[in-house]
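From a predicted model like this one, the values you see are computed outputs, not experimental measurements.
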Number of protein chains: 2
Amino acid sequence: MRPTVHDIAAEAGVSLATVDRVLNDRPGVRGVTKAKVEAAIASLGYVRDVAAANLAKSRVYPLVFILPEGDNPFMRGLEAEVRRAGLHSAIERTRLSVVTVPAFDAAALADAMDAAIAEGVSGIAAVAVDALEVFAAIDRAREAGVPVVTLVSDLSGSGRDHFIGVDNIAAGRTAGSLMGRFLGNRPGRVAVLAGSMRVRDHGERLEGFLAAMSAMPNARAILPVLEGQDDPDLSFKLIADCLAAVPDLAGIYNLGAGNRGLLKALAVRGTGLCVIVHELTGETRGALESGVIDAVLNQDAGHEVRSAIRVLRAKADGLSVNAAQERIRLDIFIKDNLPPAGPDEE
Amino acid sequence: MRPTVHDIAAEAGVSLATVDRVLNDRPGVRGVTKAKVEAAIASLGYVRDVAAANLAKSRVYPLVFILPEGDNPFMRGLEAEVRRAGLHSAIERTRLSVVTVPAFDAAALADAMDAAIAEGVSGIAAVAVDALEVFAAIDRAREAGVPVVTLVSDLSGSGRDHFIGVDNIAAGRTAGSLMGRFLGNRPGRVAVLAGSMRVRDHGERLEGFLAAMSAMPNARAILPVLEGQDDPDLSFKLIADCLAAVPDLAGIYNLGAGNRGLLKALAVRGTGLCVIVHELTGETRGALESGVIDAVLNQDAGHEVRSAIRVLRAKADGLSVNAAQERIRLDIFIKDNLPPAGPDEE
DNA sequence: CTGTTAGCGCGTTCAC
DNA sequence: GTGAACGCGCTAACAG
């Protein structure tokens, strides 16, 4: 049996309450007493039983996820993962809720954050929009003692406690590297489709992609970036026009959403191209299987949600997080290592 | 607040003990009473608080991992992950131990399993060797009520409760697909290095690799498989000889261990080759960064260990496991999406 | 067959 | 400053 608070109390010659005060770093303990207790803790190798502690506290953690609304499949997948995690909320003593706001709408995001703070949530996870209103809302949360993590798209430089998502520069590099190798010495230019350069993750991916492509042995021309606003219809039009206008097109990298439009355009005329996109969804999975898409770069939404919950709980309790363990990997999927379809769609 | 056993007792008009008997499916309850309690459980939407239950039981789960000994870096990494998971054993009420046995030694593995059963462990995770002794030992564990999971290399057809590892046929296909695409229309033959065809995972990887290569648009000759017995020295010799004897060698796939020998041989003369190997270790990481290796296929040892623990605990409690959640993914790493080096070495 | 009671390890009033 | 006692949700003795 491992040591309990009783053992420590006995070892240190004090009562349970005093041990508890020392353990939770609360006032009302003399320095000498505290030292005695700490010595006992160290010598016995005590580790607190978190489950029992939570049981005693009977504390619940209301956590809110603020996500962009709309039909972006990745975001809807993220939402589904939050709901799924909510099923386990019982055992984890956490109560999860999702709030959706218009995409790229900084004011709406800030409002949602303020509402959450007012409600007294114990943590906020949000897909950050790069705007001053959001910086300010994060600061207000900080003042209110509510931890904030950014999800998928970061806002470094703000007061957010943690970022949960992939290294987007590395993601772009990975795409460029794969594109270069898959194309080999085949001639032709490459097109890049983005959502909007106004969000950080897209900008970072582009940066990494261009760097990797230019480092390839075979120099290759990259067409000016197409901005599809993550909108399927606009993306379709941009790609269709591009396919018509660029006879020697060799590859396409879509670093944003809007895959549906891209795939629709490729269905018309899209063989022989090297196509690399982000996010494994029902659509991209199908296109990977049928050979229309060559590779999908993915961030696991389920991992991200669970990581956000762990981090927010830890921060709410004032604990430190193991950054290495919370790092989100960039998955490379090709037709052959595609995992079986998940419950929502993956 | 969610309902507790007290609420159920009140709702059903019985005592706590009766509720507990029904919940844990223990005898000594009349059919009518049982039905009443079950109705109350359903109507209140009760879900048991596992943490509290474990606390009350103060049960511990002694789990044993049986791994091949020797300097196979992947296996040592697995062992390190078990030790790391052991640090959390406190909170999970699990006591982890590792036993190493000579690699490919079925009798030693069977003995270790019998010893574990005799010790009264509540679960066994083992890297399976494909032999009758092991089948028999698994059956004995089953009779003793001790759940068994196979790790990394499966033994389907045996009585093992679960397999934790990657789909090795898909892994081979993935390697073949990447090899084919990376080589493109470059001419040359491809060599395959294996440990031993006597273990299932190696056989399955080869099968997948050959299938994928033959499905490529450019037909390419594959040299006869080299069996390095997962031994660095033998692997070195085989590859060095191959490099000398095959002037038009274009690529090498190592589907087993022994990467150290392979890398040593490549250091002598190994530029311009497409090299794909398994398992991300300190060695393969370095070779990936320096460009000697083009891709590493990996199974996350940490995930595997944690999955094994979850599955064994569930089986020990007679619970069902969510197979989809426990599936181990095949990671593809290239230079650009390499995660930061982990605590042990990755 | 069913109910009572005493903890599991910890946090938290309250008194002293 | 410090300590005793109760309860979190559940299980397991022991009565009845």
- Residues which pass side chain to side chain donor-acceptor pair (under 3.5 Å) with B/D331, listed by chain and number, not counting sequence neighbours: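 Per chain and number, B/D331 pairs via side chain to side chain donor-acceptor pair (under 3.5 Å) with A/R329.
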- Item | Sequence-distant partners of A/N24, side chain to side chain donor-acceptor pair (under 3.5 Å), two or more places apart | A/D20, A/R48
- Message: Which residues pass the salt bridge (charged side-chain N to carboxylate O under 4.0 Å, His left out) test with B/D167, not counting sequence neighbours?
- Response: none
- Close side-chain approach of A/V148 to A/R142, heavy-atom, < 4.5 Å: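 Counting from C-beta outward, A/V148 and A/R142 never come under 4.5 Å.
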- Note on the structure: Double-helix bend of the helix from C/dC1-D/dG16 to C/dC16-D/dG1, axes at both ends from 5 pairs, round to 10°, gives 40°
Determine all donor-acceptor pairs shorter than 3.5 Å in which one atom belongs to a side chain in residues 27-42 of chain B; sequence neighbours excluded.
none

- Query: Going 5' to 3' along DNA chain C, which nucleotides are the first and last within contact of chain A (any atom under 4.0 Å from a heavy atom)?
  - Reply: C/dG9 to C/dT12
- side chain to side chain contact (heavy atoms under 4.5 Å, CB included) partners of A/F135, counting only residues at least two apart: A/D130, A/L155, A/S158, A/R200
- 5' to 3' contact window, DNA chain D with chain A (heavy-atom distance under 4.0 Å):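 Contacts span D/dG1 to D/dG9, reading 5' to 3'.
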- Item | Pairs meeting criterion salt bridge (charged side-chain N to carboxylate O under 4.0 Å, His left out) with involvement of residues 111-124 of chain B, two or more places apart | B/D114-B/R140
- Query: Under 3.5 Å, side chain of B/D154 to main-chain N/O of B/F163, donor-acceptor pair present?
  - Reply: no
- Nearest heavy atoms of A/V99 and A/A112, plus distance in Å: CG1-CB, 4.1 Å
- Where B/L63 and B/S122 come nearest, the two heavy atoms and their spacing: CD1-OG, 3.7 Å
Using distance only, find each side-chain donor-acceptor pair of residues 316-327 of chain A under 3.5 Å and give its atom names and separation, not counting sequence neighbours.
from   : atom 1 : to     : atom 2 : distance (Å)
A/D317 : OD1    : A/R59  : NH1    : 3.2
A/D317 : OD1    : A/Y61  : OH     : 2.9
A/D317 : OD2    : A/Y61  : OH     : 2.8
A/N322 : OD1    : A/A324 : N      : 3.1
A/N322 : OD1    : A/Q325 : N      : 3.2
A/E326 : OE1    : A/S307 : OG     : 2.7
A/E326 : OE1    : A/R310 : NE     : 3.4
A/E326 : OE1    : A/R310 : NH2    : 3.0
A/E326 : OE2    : A/R310 : NE     : 2.9

- Query: 5'-most contact on DNA chain C: B/A53 or B/T18, nearest heavy atom basis?
  - Reply: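 The 5'-side residue here is B/T18.
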- Task: Could you name each residue pair satisfying side chain to side chain donor-acceptor pair (under 3.5 Å) that touches residues 3-12 of chain B, not counting sequence neighbours?
- Result: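 Counting only pairs at least two positions apart or across chains, no side chain to side chain donor-acceptor pair (under 3.5 Å) contact touches residues 3-12 of chain B.
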- Query: For DNA chain D, which residues in residues 19-41 of chain A have a heavy atom at a distance below 4.0 Å?
  - Reply: A/R21, A/G28, A/V29, A/R30, A/T33
